[in-house]
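Note that the coordinates shown come from a computational prediction; the quantities given were computed from them, not determined experimentally. One-based numbering along the sequence shown.
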Amino acid sequence: MQDKFKKKHHILEYEDDYLKNIKLGITTREDGFSPFPRNAFNMARYIDDNQQNITQHQEMLATAIEFPREQWVFPIQTHENKVVEITEQDRGTNIDSLTDRLHGVDALYTYDENILLTMCYADCVPIYFYSEKHHFIGLAHAGWRGTVGQIVIEMISHLDFELSDLSVVIGPATSSSYEINDDIKSKFEALPIDINQYIETRDVNRHGIDLKLANALLLENAGVPKSNIYITDYATSEDLSLFFSYRVEKGNTGRMLAFIGQ
């Protein structure tokens with residue numbers, strides 16, 4: 001089966017025959033202006049980069065997806081599980097420059113139109129939520145902390161409609177080459193899902209973990225139909241021609257921007 005994320009210019013855009021009015025995707029790393037290591041399409045203002053580079057990249061993305069920057073919203077992520085509702089009054093937050101607004105937020109959702117929810121990634125899992133029927137979109141940032149904190153469950157607790165009407169897309173993130181130690185593994189053992197489905201013990205204090213699958217299993221366990229959850233095969237840690245990878249590049253790298261708008 002072909003992956004539903006299709007490459008277009010600086011973007012992997014999600015395509016589905018049933019998706020009519022929602023823009024959903026993630027930027028890639030190539031053909032930009034940032035030095036990570038060169039010509040990188042960095043989208044994060046919070047790392048050591050010329051701010052004009054990010055603005056140029058934003059403008060290029062805005063043109064490509066036909067969604068003006070003035071309608072974007074960006075939170076200050078801190079690897080926790082706080083979820084915030086966004087309204088039209090929040091449009092433009094942290095786009096031209098970073099502020100104290102939406103600090104400590106790793107998931108956003110809205111029922112309003114003409115809003116693009118955005119967040120930065122470089123291995124953590126971008127998780128997109130939508131229901132065109134109910135004019136709902138959401139975006140979550142799930143590293144291992146967000147996954148243990150069940151940020152996806154926090155997200156769906158804010159729905160005012162049935163889970164059968166919700167679709168979830170799990171985007172490009174690190175593969176199961178990502179490893180955790182015994183201490184972190186013990187935190188996952190407390191989750192209400194079968195740890196053997198997404199964690200593989202490889203050696204003493206070394207366990208490979210599939211964070212994309214872990215989040216899918218949490219959603220299934222909470223009642224989201226499996227058929228409503230899509231997981232991409234794209235892996236950030238496996239393809240450095242397309243993606244930034246914080247782990248592989250030891251932190252010296254840019255960030256992709258995941259987005260969903262209606």
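- With hydrogens and angles left out, the side-chain atoms of Asn94 and Thr99 include a donor and acceptor closer than 3.5 Å.
- Of all non-hydrogen atoms in Ile11 and Ala64, the two that sit nearest each other are CD1-CB, 3.6 Å.
- One side chain, Arg45 or Thr55, offers a donor N or O that lies under 3.5 Å from an acceptor on the other.
- Looking at His207 and Thr201, their side chains do bring a donor and an acceptor atom within 3.5 Å of each other.
- Between Phe259 and the options Leu139, Ile65, Ile26, Ile137, a side chain to side chain contact (heavy atoms under 4.5 Å, CB included) holds for only Ile65.
- Without hydrogens or angle criteria, Arg91 side chain to Gln71 main chain gives no donor-acceptor distance under 3.5 Å.
- For the pair Asn228 (side chain) and Leu166 (backbone), a donor-acceptor distance under 3.5 Å is present.
- Ionic pairing of Lys7 and Glu30 is present here: one or more N-O contacts between side-chain nitrogen and carboxylate oxygen are shorter than 4.0 angstrom.
- Closest approach of Ile47 and Ala44 over heavy atoms only: CG1-O, 3.7 Å.
- In Lys82, the NZ atom is not crowded: 12 or fewer heavy atoms of neighbouring residues, nucleotides or ligands sit closer than 6.0 Å.
- Within 6.0 Å of the CG atom in Asp160, the count of heavy atoms belonging to other residues, nucleotides or ligands exceeds 12.
- Remark: side-chain polar atoms of Ser245 are not paired, donor with acceptor, to backbone N or O of Asp123 under 3.5 angstrom.
- With a 6.0 Å radius and a threshold of 12 heavy atoms from other residues, nucleotides or ligands, Glu66 has its CD atom at or below the threshold.
- For His158, the NE2 atom sits in a packed shell: over 12 heavy atoms of surrounding residues, nucleotides or ligands are nearer than 6.0 Å.
- The closest side-chain heavy-atom distance from Ile209 to Ser176 is not below 4.5 Å.
- The aromatic rings of Phe161 and His134 sit parallel, their planes meeting at an angle under 30°, below the 60° perpendicular limit.
- With respect to Asn42, the side chain to side chain contact (heavy atoms under 4.5 Å, CB included) criterion is satisfied by exactly one of Asn53, Thr253, Asp48, Ile54: Ile54.
- Note on ring orientation: taking the six-membered ring where Trp is involved, the planes of Phe33 and His57 are parallel (angle under 30°, cut-offs 30° and 60°).
- For the residue pair Glu238/Ser177, the side-chain donor-acceptor check at 3.5 Å is satisfied.
- Heavy-atom contacts from other residues, nucleotides or ligands closer than 6.0 Å to CD of Gln2 number 12 or fewer.
- Ile170 CD1 to Leu219 CG: the interatomic distance, rounded to the nearest 0.5 Å, is 6.0 Å.
- Checked by atom type and distance alone, the side chain of Asp106 never pairs as donor or acceptor with a backbone atom of Asn81 at under 3.5 Å.
- Atom CG of Asn252 is surrounded by 12 or fewer heavy atoms from other residues, nucleotides or ligands within 6.0 Å.
- Salt bridge absent: Arg206 and Glu200 never bring a charged side-chain N and a carboxylate O closer than 4.0 Å.
- There is no path of hydrophobic side-chain contacts, each under 4.5 Å, that joins Val105 to Tyr109.
- Annotation: side chain of Asp194 is not in contact with side chain of Leu217 (no heavy-atom distance under 4.5 Å).
- In this structure, Asp233 contributes its side chain and Asp3 its backbone to no donor-acceptor pair below 3.5 Å.
- Between atom NZ of residue Lys23 and atom CG of residue Leu116 there is a gap of 10.0 Å, rounded to the nearest 0.5 Å.
- When atom types are taken as modelled, the side chain of Thr118 and the backbone of Val73 share a donor-acceptor pair closer than 3.5 angstrom.
- Listed for the Trp144 side chain is no donor-acceptor partner under 3.5 Å among the backbone atoms of Cys124.
- Between Glu162 and Lys133, none of the side-chain N atoms (NZ, or NE/NH1/NH2) sits under 4.0 Å from a carboxylate O, so this pair counts as no salt bridge.
- The shortest distance between side-chain heavy atoms of Gln262 and Asn21 does not fall below 4.5 Å.
- Note that CD1 of Ile229 and CD1 of Ile231 are 7.0 Å apart. Values are rounded to the nearest 0.5 Å.
- Using a 4.5 Å heavy-atom threshold, the side chains of Glu13 and Lys6 count as separate.
- Looking only at side-chain heavy atoms (C-beta outward), Tyr121 and Arg255 stay at 4.5 Å or farther from each other.
- Relative ring orientation between Tyr230 and Tyr14 is described as tilted, the plane-to-plane angle lying within the 30° to 60° band.
- Within a 6.0 Å sphere centred on OH of Tyr246, other residues, nucleotides and ligands contribute 12 heavy atoms or fewer.
- Between the Ser34 side chain and the Phe36 main chain, no donor and acceptor come within less than 3.5 Å of each other.
- Without hydrogens or angle criteria, Glu132 side chain to Lys20 main chain gives a donor-acceptor distance under 3.5 Å.
- Between the side chain of Thr236 and the backbone N or O of Thr174 there is at least one donor-acceptor pair closer than 3.5 Å.
- Residue Leu257 is grouped with residue Phe244 when hydrophobic side chains (ILVMFWY) are merged at heavy-atom distances under 4.5 angstrom, including chains of intermediate members.
- Side-chain contact check for Asp165 versus Tyr130: every heavy-atom pair is 4.5 Å or farther apart.
- Taking every heavy atom of both residues into account, Gly138 and Ile260 meet most closely at O-CG2, 3.6 Å.
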